[in-house]
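Following: one structure in structure tokens, then a few remarks.
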Protein chains: 2
Amino acid sequence: MGNQKLYKGSLQTIILKLLETNDKMYGYEITQKVKELTKGELKITEGALYPALHKLEADGLLDVEIAKVGNRLRKYYKLTESGSKETANKLEEMQEFLKTMQHLVNPKLSLE
Amino acid sequence: MGNQKLYKGSLQTIILKLLETNDKMYGYEITQKVKELTKGELKITEGALYPALHKLEADGLLDVEIAKVGNRLRKYYKLTESGSKETANKLEEMQEFLKTMQHLVNPKLSLE
DNA sequence: GTTTTATACATAAGAAAATTATGTATATAT
DNA sequence: ATATATACATAATTTTCTTATGTATAAAAC
């Protein structure tokens, strides 16, 4: 977990991917899901998450819907049509990146 | 190549890995080697590279040796002992990161 | 022969994306 | 009663990069 800085630049892609899989999610839910999926290796901080969600919304990639649960509010985000397309792009870029990086740091394991 | 920002945070690791493999290299050579290894996908800019090399040197991970080739100077960098250890650490962190990220963006392809 | 491209270093200004710190408020568990 | 969890948010700062600029030599192209 000393490798947090490697995740820099990948937050948007992670959020978009989660929303592609889970249809709609709220911020806190995203932090918990990421912690669960990565077995605690990646902890998304609120200072990173909320500004990122706001930006994705401002860019038209996400729609937001406010819900009240008990006495607390939740903001559910979901992909717009444009967001779905951008998700596909970003996932492709991510795959390319992972392949390239794997090849750079461990040429033996990337046979192609 | 619209995914340059994904590489943020990985420059040090890339440099160290190259020096582990190639024993000693100079800055310009590193930029060319990376371009070659990634088939042009990653282009390390001088504005990123030189400060990074200086930092690694200041941190005691690299030793530098100045060579004169014709009328031009080259600064050859190589790993110190401490640099070799740190390289191993960073490569391990990178593998962990790549595995986690693969699992996040494509659960189907990361079967473990 | 002169202009462009390549080689080789470097730094400064600015932008992007995070961390860290702080704030508000409700709900649950100890 | 107090601590932890849920749920949002923003501001200050830091890290890491891009872009722009600078110096200088060598080779290739025209």
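Since we're looking at a predicted model, the values are computed, not measured. Numbered from 1 within each chain, the chains take letters A, B, ... in sequence-line order.
Picking from D/dA9, C/dA8, D/dA7 the nucleotide with the shortest atom distance to the side chain of A/K75 gives D/dA9. Side chain of A/T45, nearest nucleotide from D/dA9, D/dA5, C/dT20: C/dT20. For B/R74, the side-chain atoms get nearest to C/dC9 when compared with the rest of C/dC9, D/dC17, C/dA18.
A donor N or O paired with an acceptor N or O is not found under 3.5 Å between the base of D/dC17 and the side-chain atoms of B/Q4.
Taking side-chain N and O atoms only, A/K55 has no distance below 4.0 Å to OP1 or OP2 of C/dA16. When the side-chain nitrogen and oxygen atoms of B/Y26 are compared with OP1 and OP2 of C/dC9, none of them lie within a distance under 4.0 Å. A/Y50 has a side-chain polar atom (N or O) that falls below the 4.0 Å cut-off from OP1 or OP2 of D/dC8. Neither OP1 nor OP2 of C/dA16 sits under 4.0 Å from any side-chain N or O of B/K5.
In this model, a donor atom of one side chain and an acceptor atom of the other lie less than 3.5 Å apart for A/E41 and B/T100.
For the pair B/V69 and A/N71, both in contact range of DNA chain C, the more 5′-proximal nearest nucleotide belongs to B/V69. With DNA chain C read from its 5' end, the first of the two nearest nucleotides for B/P51 and A/L11 is the one closest to B/P51. Where A/K8 and A/L53 each meet DNA chain D at their nearest nucleotide, the meeting point lying more 5' is that of A/L53.
With a 6.0 Å radius and a threshold of 12 heavy atoms from other residues, nucleotides or ligands, B/E36 has its CD atom above the threshold.
Residue A/V64 is tested with A/K78, A/H54, A/K75 for a side chain to side chain contact (heavy atoms under 4.5 Å, CB included); the sole match is A/K75.
The CG atom of A/L49 sits 15 Å away from the P atom of C/dA17 (whole-angstrom rounding). Going from atom CZ of B/R72 over to atom P of C/dA8 covers 5 Å, rounded to whole Å. In this entry the distance linking CG of A/L6 with P of D/dC17 reads 10 Å, nearest Å. Protein atom OH of A/Y76 is 12 Å distant from nucleotide atom C1' of D/dT6, rounded to whole Å. Rounded to whole Å, the distance from CD on B/E46 to P on D/dC17 is 15 Å. In this structure, the NE2 atom of B/H54 is 15 Å from the P atom of D/dC17, given to the nearest Å. Summarising the geometry, the separation between NZ on A/K35 and C1' on D/dT4 is reported as 12 Å, rounded to the nearest angstrom. Across the protein-nucleic acid pair, B/Q12 atom CD and D/dT16 atom P stand 7 Å apart, rounded to whole Å.
Separating the NZ atom in B/K90 from the CG atom in B/L61 is a distance of 8.0 Å, to the nearest 0.5 Å. Note that OG of B/S82 and CG of B/D63 are 10.0 Å apart. Values are rounded to the nearest 0.5 Å.
Using a 4.0 Å heavy-atom criterion, one finds that B/G47 contacts the bases of the nucleic acid, with or without backbone contacts as well. Using a 4.0 Å heavy-atom distance criterion, B/T31 is classed as making no nucleic acid contact.
Closest heavy-atom contact between B/K17 and A/L104: CG-O, 3.6 Å.
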